[in-house]
Amino acid sequence: MNLLLDTHLLLWAASAPQRLSADALALIEDSANKLYFSAASLWEVVIKNSLGRADFRVDPHLLRRGLVENGYLELPITAQHALALSHLPPVHYDPFDRILVAQAESEGIVLLTADESVAQYPGPVRKV
């Protein structure tokens, strides 16, 4: 299965795996799954880190390198992804979460999230 992890799951997988649910950990550790991270997640980390958010205190360069070294595939943001935003229902207004949902929908990838609001989107979103 192709899985796109939301930003918090990526951060937890990289530095605080004890925060991951058993379901999330099992999916991440299953070698049959392809794991993806979005350029949007790194963008979110850079912005929120610069704003002083404690839950985003990580070097984005090291995060990206660690993800790539651990077999995660990078998903760039495309015009197709941006256009897919226009079809999303008004469930949640965080722009980073919305682009992740649009990417998952456009690419046929399951978005894994721990966020109740994001999990309300129809389509390939799974709360773990």
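As the structure is a prediction and not an experimental result, all values here were calculated from the model.
Remark: side-chain polar atoms of Q103 are paired, donor with acceptor, to backbone N or O of P76 under 3.5 angstrom. The backbone N or O of V58 sits less than 3.5 Å from a side-chain atom of N49, completing a donor-acceptor pair.
No side-chain heavy atom of E44 sits under 4.5 Å from any side-chain heavy atom of R53. By the 4.5 Å heavy-atom criterion applied to side chains, I28 and L3 are not counted as neighbours. Counting heavy atoms from C-beta on, the side chains of V110 and M1 come closer than 4.5 Å.
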Do any side-chain atoms of residues 11-22 form donor-acceptor pairs under 3.5 angstrom with protein atoms, and if so which ones, sequence neighbours left out?
unit_1 : atom_1 : unit_2 : atom_2 : d
S15    : OG     : L11    : O      : 2.9
S21    : OG     : A24    : N      : 3.0

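Contact between D6 and A114 at its shortest, heavy atoms only, is OD2-N, 3.7 Å. Shown here for P89 and P122, the closest heavy-atom pair between the two residues is CG-CD, 3.9 Å. For the pair G52 and R57, the tightest heavy-atom approach, listed with the atom from each and the gap, is O-NH2, 3.2 Å.
Rounding to the nearest 0.5 angstrom, the gap separating the CG atom in L35 from the CG atom in N70 is 9.5 Å.
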Open item on the list: Could you go through H81 and E107, starting from their C-alpha distance and side-chain angles, then the distance that decides it, and tell me whether this counts as side-chain hydrogen bond (donor to acceptor under 3.5 Å, both in side chains)?
Closed with: CA-CA 9 Å; H81 300 148; E107 301 294 331; 2.8 Å; yes

Task: Derivation and outcome, side chain to side chain contact (heavy atoms under 4.5 Å, CB included), residues N2 and N33 - done: CA-CA 6 Å; N2 293 329; N33 293 330; over 6 Å; no

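Here V125 sits in one hydrophobic cluster together with L4, Y36, W43, I47, L51, L73, L75, I77, L85, L88, V91, F96, I99, L100, V101, I109, L111, V118, Y121; the rule is ILVMFWY side chains under 4.5 Å apart, joined directly or through other members.
P60 pairs by the side-chain contact (heavy atoms from CB on, under 4.5 Å) definition with V45, V46, not counting sequence neighbours. With sequence neighbours excluded, the residues forming a side-chain contact (heavy atoms from CB on, under 4.5 Å) with R64 are F37, L42, V68, E74, listed by chain and number. The ring-ring contact (aromatic ring centres under 6.0 Å, His included) search around Y72 returns none, not counting sequence neighbours. By the side-chain contact (heavy atoms from CB on, under 4.5 Å) test, E29 pairs with L25, sequence neighbours left out.
Using a 3.5 Å distance cut-off with no hydrogens or angles, the side chains of H61 and D59 do pair a donor with an acceptor.
Ionic pairing of D115 and K127 is not present here: no N-O contact between side-chain nitrogen and carboxylate oxygen is shorter than 4.0 angstrom.
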